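Okay, so here's the structure we're looking at.
Bear in mind that the values here come from a model prediction, so they are computed numbers and not experimental data. Indexing begins at 1, ligand by ligand and atom by atom, following the structure's order. When a residue number appears, it is its place in the shown sequence, counting from 1.
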Amino acid sequence: MRILIALAAALTVAGAAPAQAAAPSALAAPDISVTNVKAHLTQFQSIANANGGNRAHGRPGYLASVNWVKSKLDAAGFTTRVHSFTYGGATGYNLIADYPGGDANNVVMLGGHLDSVPAGPGINDNGTGSASILEVALQMKATGFRPAKHVRFGWWGAEERGLIGSAAYVNSLSSAEKSKIKTYLNFDMTGSPNPGYFVYDAVKGEFPAGSLALQQRLEADFKARNIPTELIDVGNRSDHRAFMAAGIPVGGTFTGAEKIKTAAQAAKWGGTAGQAFDRCYHRSCDTTSNINDTALDRNADVIASTLWAVAA
Ligand code: DTR
Ligand code: ZN
Ligand code: ZN
């Protein structure tokens, strides 16, 4: 060890000061641990098992899901609040979590619905999106990420009843609060067992200005991982709709539901042609066994890399 110190001293004396470290590049997003994401899915499964087999709006398993996600975020230092609403004679709940810091007038929001259908535990639909954004949120804290923009997360209630919770949230905002949200990224089904890799089509979806850049960002992050993608016209089929209707730029990813994977898609992505992307969509078999780990992992990594890029 002494020799090294002497050598360093000699270099300094000789004016050959050690080269200055290169300026740090933009903070690289962390690789999201699929083990951690799956641990959250196991928790959702346990909650469903303990509450009649589901996590549906108006059922005990849904509020138990909200309380568990909230406990994880509170422990990590997020500012959380439960936003309640009523639908179908039952109280529904959205969980909103703000990461401290960043420009409050420039909010980047990520979301996914936390409810299942009554038929089952909803692990792919939408435990996957909920667990993935939860892990990304936890990794913001764990890595000490300090984004220039303010980052907010939403876990929506009663999506399966008609996108009710996300609409209730957006409608609860003043126009000033809405105008501060510059981006909404939606993640609903990101681990389908026979997966496709879809990015929301901003043009066909007639999304607000600014959405195309989000689509291209998501596409680029998949491309950087050598994962081919297809654009999908998601229509009004998930929680991006309320944000889109408010004129907020939106984007998202999706691994497929009841539709059938074609031979060309199987050649591109693997899996089984002629079979649904998720044969257990809205069924009791949508359990922790109904997940493709690679798709879950890849989407979680893209969620993180897109957040780090958009919120910087
Ligand atoms: N409506 C969602 C599933 C779903 C079906 N098509 C798309 C496209 C994009 C996102 C989600 C979906 C649900 O059942 O929760
Ligand atoms: Zn669904
Ligand atoms: Zn869903």
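- Ring-plane geometry between Tyr99 and Phe78 is classed as tilted, the angle between the planes lying from 30 to 60 degrees on a 0 to 90 degree scale.
- Listed by number with element, the atoms of ligand 1 under 4.0 Å from a non-hydrogen atom of Glu159 are 1 (N), 2 (C), 13 (C), 15 (O).
- When each atom of ligand 1 is checked for a heavy atom of Val234 under 4.0 Å away, the hits are 8 (C), 9 (C).
- Shown in contact with His113 at under 4.0 Å from a heavy atom are these atoms of ligand 1, numbered in order with element: 15 (O).
- In Asn186, neither the side chain nor the backbone holds a heavy atom less than 4.0 Å from any atom of ligand 1.
- Of all atoms in ligand 1, listed by their number and element, those nearer than 4.0 Å to a heavy atom of Glu160 are 13 (C), 14 (O), 15 (O).
- By the 6.0 Å contact criterion, NZ on Lys178 is enclosed, its count of non-hydrogen atoms from other residues, nucleotides or ligands being greater than 12.
- The Zn ion (ligand 2) sits nearest to atom OE2 when only the N, O or S atoms of Glu160 are considered.
- With a 4.0 Å cut-off on non-hydrogen atoms, Glu258 does not touch ligand 1 at all.
- A 4.5 Å side-chain heavy-atom check between Val37 and Asp297 finds every atom pair outside the cut-off.
- Across Asp188, Asn126, Asp125, Ile232, heavy-atom proximity to atom 11 (C) of ligand 1 is greatest for Asp188.
- Distance from atom 12 (C) of ligand 1 to its nearest protein heavy atom, with residue and atom name: Phe254 CE1, 3.6 Å.
- The protein non-hydrogen atom at the shortest distance from atom 1 (N) of ligand 1 is Arg237 O, 2.7 Å.
- Atom 10 (C) of ligand 1 has Tyr200 OH, 3.5 Å as its closest protein atom, hydrogens excluded (heavy atom only).
- Listed by atom number, the atoms of ligand 1 under 4.0 Å from Met189 heavy atoms are 3 (C).
- Around CZ of Arg279, the count of heavy atoms belonging to other residues, nucleotides or ligands within 6.0 Å does not exceed 12.
- Proximity of Leu307 to Val151: side-chain heavy atoms (C-beta onward) are separated by under 4.5 Å at one or more points.
- Crowding of Lys38 atom NZ: a count of heavy atoms from other residues, nucleotides or ligands under 6.0 Å not exceeding 12.
- Atom 14 (O) of ligand 1 has as its closest protein heavy atom Tyr281 OH, 2.7 Å.
- Residues Val250 and Tyr200 form no side-chain contact, since every pair of their non-hydrogen atoms from C-beta on lies 4.5 Å or further apart.
- By the criterion of side-chain heavy atoms lying less than 4.5 angstrom apart, applied directly or through intervening Ile, Leu, Val, Met, Phe, Trp or Tyr residues, Trp269 is grouped together with Leu296 in one hydrophobic cluster.
- Side-chain contact, Thr80 with Asp74: a donor N or O sits under 3.5 Å from an acceptor N or O.
- Asp188 contributes OD1 as its N, O or S atom closest to the Zn ion (ligand 3).
- Considering both main-chain and side-chain atoms, Ser238 never comes within under 3.5 Å of ligand 1 through any nitrogen or oxygen pair.
- Within the 4.5 Å cutoff, the side chain of Lys223 has no heavy atoms near those of the Thr229 side chain.
- Side-chain contact annotation: His282 with Glu160, donor-acceptor N/O pair under 3.5 Å present.
- Vertex the Zn ion (ligand 2); arms to Asp125 atom OD2 and His282 atom NE2; angle 100° (nearest 10°).
- With a 4.0 Å heavy-atom cut-off, ligand 1 is reached by no atom of Phe198.
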